[in-house]
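Just below is one structure, and these are the notes that go with it.
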Amino acid sequence: MRRKGKKELTWKRVYKANQRAIKLIYTHYPKMVLSRLIYTVWTALTPYVGIYCSALIIGELAGGKDAGKLAELVLFTLIIEAAIAFVSALLLKWQNSEGGGMYQYFQIQQIFTKKLLDMDFVKIDEEKTHEMLSSIEQYQNGGGWGLISLIRCYEVVLSSVFTFLGGITLTVSLFTSTVPESAGAYQMLNHPLFIALIIFVMLAVTWLSPVLATKAGEYWAKNADKHNQENRIFRFYSFFGHRPEIAADVRIYRQDLIGAKNMVLKTGVFESKGLFAGYARGPMGFYNAASAAVSVLFTGVIYLFVCLKAWAGAFGIGSVTQYAASVTKAASGLSSLIEIAGTMRNNTFFLEKTFEFLDIPNPMYQGSLTVEKRRDRDYEVEFRNVSFQYPGSTSYALKNVSMKFRIGERLAVVGRNGSGKTTFIKLLCRLYDPTEGEILLNGINIRKYNYLDYLSIFSVVFQDFKLFSFPLGQNVAASCSYDKEQVISSLQKAGFGERLSELPDGTETYLYKDFSENGVDISGGEAQKIALARSLYKDSPFIILDEPTAALDPVAEADIYTRFNEVVGDKTAIYISHRLSSCQFCDEIAVFDNGEIVQQGSHEKLVEDEEGKYYELWRAQAQYYTE
Ligand code: ADP
């Protein structure tokens, strides 16, 4: 049973969703929307100029036959048509440069990208967010639903309205011109009832065709979720070979075979015996065919009425072409207006799904305090009784963590896998907010700071850091323009100096081959050095390194350690590692176990406690170093 209220798809709801959507696109891309809509109105109205002019010419040919007047009319028509063609070309060029075809598609995707980048990190991590985004993509790819069809809808609305109005303007005299008395029985064409009947038949037929077409369209819209799942599978396996990062595993384990099987094994809604083929053979096909047939019927009624009136002498032969063309166009305007209203109605559900995603709140980023840009870089960060559970998890990843660190210190965070080290850093960088307790920067809860401002004091090399297929210099500077000397110096400090000198285009060398044939592929260790250089270039007061040498060979690792103080300079370094040997140079070591800090102190102090966790880890690893 249909529920009342929100579930009811009223025209008010349709209007609200579509208006909000067009406003949204307009705020992001005003020129794209304007250029497309202006071009649409222009192309809807200009054909009538041609229709009107040719009616005048034919009228003159059939009537007065004045050669001078004919020449004038033809010249006038040519000039005005040339001017129209010229303006059309200009408007089309404007439209294409502002957002034609696929470009428009990508611009709309940018709206989702912006939302994702502004969203609380915790939401990005949630399965539900991915589900929502994936559904929106499938609606787009499957039936062209959602924001992607919106500009097209508004184009059709405008072109329909203007086509209708233009057509009506040239049609009024068809009904007002009267058949002369001499026409005898044909005078019934003048009777208001007859005219009303003709208008009624025209309107009924005009209305029926799009209504039938919309009915056919509903079969797609209603079953969107069924083809979504299928499209998702198609998309995944169709691009199986396009992804170099999975190529090795696919080959070794022949996962292409699983792919091929999955492509055919699924429910098969698109197959010849599937759901949609059934609809096409049944009701959907019937509605589509009926819609086409009805519109042909309309043309017949028009020609009959116009020809009868001309035959009876109501107007000249020139007007026959004008009326036949303009009535057909007015009707097609009305018909497409009704059809697009149906499409926009069907699209409402998908727009609302889109808004549900775009409206995901981001309460984390409401702080407004600016982080004082201190010359002395005298920042102090404190964790006060911080506990944290990942969303949806019942256990604590961090439990009652309290710790203070001041600028210039070298702090190591050690512990076994899963002990909470990375979570500790994610909280420090405000990717998540603590479940209990608080984190303070210079005595103030970090939630109160403007998020981007707060982030500016941290450089992080995450364990699973990512580099991009841009030139090396842009990767290091995280910016298109960069200080070359600074980039080179950061790369050298990170141990990439030698490799840099071999690169064909120096700091302008592209990483990977996505955007340049001369791009270089780099090893995991080299990538780690570049990521380290990126964190140094940012020159923020805190530098956080999560297993920064995991991919380095022992020589490169030893090289970084011996120069660690020089590399890190006056920054506060937080160094995460499960390799205790690499933490000895830190002033302070915090030992994590099961989400808690179980020990804290210098290496010398910690190894003394033979009952402690640190000693246990140290002893387990020492074998490798001493053997
Ligand atoms: P470490 O960095 O010391 O290896 P983590 O901080 O990554 O440890 O993990 C601490 C605990 O939190 C582990 O039990 C881990 O399984 C859990 N955890 C980590 N990330 C997530 C996540 N995104 N969602 C749920 N649990 C997580």
Side-chain angles (χ1 to χ4, degrees), residues 116-117 119-134 360 362-364 381 383-403 405 410-439 446 458-466 524 528 531-532 535 542-552 557 573-583 586 588-601 603 606 612-618 620-621 624:
L116 283 165
L117 292 177
M119 200 181 274
D120 287 356
F121 190 81
V122 58
K123 288 283 176 194
I124 294 181
D125 233 16
E126 281 177 15
E127 180 68 17
K128 186 164 174 251
T129 312
H130 288 277
E131 281 289 323
M132 284 167 101
L133 190 61
S134 171
I360 293 177
N362 49 347
M364 262 179 92
V381 174
F383 274 58
R384 205 180 272 173
N385 304 323
V386 171
S387 297
F388 180 70
Q389 281 177 316
Y390 279 98
S393 166
T394 48
S395 58
Y396 279 93
L398 282 187
K399 271 178 276 179
N400 210 18
V401 170
S402 290
M403 175 191 284
F405 38 91
R410 309 277 186 257
L411 169 77
V413 175
V414 303
R416 302 182 58 167
N417 282 342
S419 58
K421 305 183 294 294
T422 304
T423 308
F424 172 73
I425 299 307
K426 285 185 175 167
L427 262 69
L428 177 62
C429 297
R430 276 211 74 199
L431 295 178
Y432 298 96
D433 277 336
T435 316
E436 289 149 35
E438 55 180 356
I439 306 170
I446 59 173
F458 294 100
S459 282
V460 192
V461 182
F462 287 110
Q463 224 169 336
D464 54 353
F465 64 87
K466 296 282 178 289
Q528 200 156 38
L532 183 60
S535 70
F542 288 86
I543 182 163
I544 300 165
L545 309 168
D546 194 350
E547 295 285 358
T549 57
L552 299 188
E557 187 180 14
I574 302 170
Y575 189 93
I576 307 168
S577 183
H578 59 255
R579 286 198 258 186
L580 303 199
S581 61
S582 58
C583 302
C586 290
E588 179 94 349
I589 300 173
V591 186
F592 275 73
D593 191 36
N594 262 329
E596 288 178 273
I597 299 182
V598 289
Q599 275 182 297
Q600 198 170 346
H603 168 75
L606 291 174
K613 190 82 196 165
Y614 188 83
Y615 182 80
E616 180 195 322
L617 293 168
W618 176 254
Q621 294 181 12
Y624 299 112

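Start at 1 and go down the list; that is how both ligands and their atoms are numbered. Numbers for residues simply follow the sequence, beginning at 1. For the numbers below, each heavy atom of this structure counts, side chains included, while hydrogens, waters and symmetry mates do not.
Less than 4.0 angstrom separates some heavy atom of Asn417 from each of these atoms of ligand 1: 4 (O). Counting atoms of ligand 1 from 1 in the listed order, those under 4.0 Å from a heavy atom of Ala397 are 11 (C), 12 (O). In summary, the atoms of ligand 1 found under 4.0 Å from a heavy atom of Thr423, numbered by their order in the structure, are 5 (P), 6 (O), 9 (O), 10 (C).
When only interatomic distances are considered, the shortest N/O to N/O separation between Ser419 and ligand 1 falls below 3.5 Å. Checked against a 3.5 angstrom limit, the closest N/O atoms of Ser393 and ligand 1 fall outside it.
You'll find the side chain of Tyr432 stays beyond 4.5 Å of the side chain of Leu398, heavy atoms only.
Minimum heavy-atom separation, Leu427 to Pro434: CD2-CA, 3.9 Å.
Nearest to atom 10 (C) of ligand 1 by heavy-atom distance, out of Gly418, Gly595, Gly392, is Gly418.
What sits closest to atom 2 (O) of ligand 1 on the protein, heavy atoms only, is Thr422 OG1, 2.6 Å. Protein heavy atom nearest atom 19 (C) of ligand 1, with residue, atom name and distance: Tyr390 CE1, 3.4 Å. Summary of contacts: the protein heavy atom closest to atom 23 (N) of ligand 1 is Asp125 OD2, 3.4 Å.
The existence of a salt bridge linking Lys128 and Glu131 is excluded, since no basic side-chain nitrogen approaches an acidic carboxylate oxygen closer than 4.0 Å.
Between Arg416 and ligand 1 there is a heavy-atom distance shorter than 4.0 Å. Heavy-atom distances between Gly420 and ligand 1 reach below 4.0 Å in at least one pair.
Ser402 and Asn385 form a side-chain donor-acceptor contact under 3.5 Å, judged by distance and modelled atom types alone.
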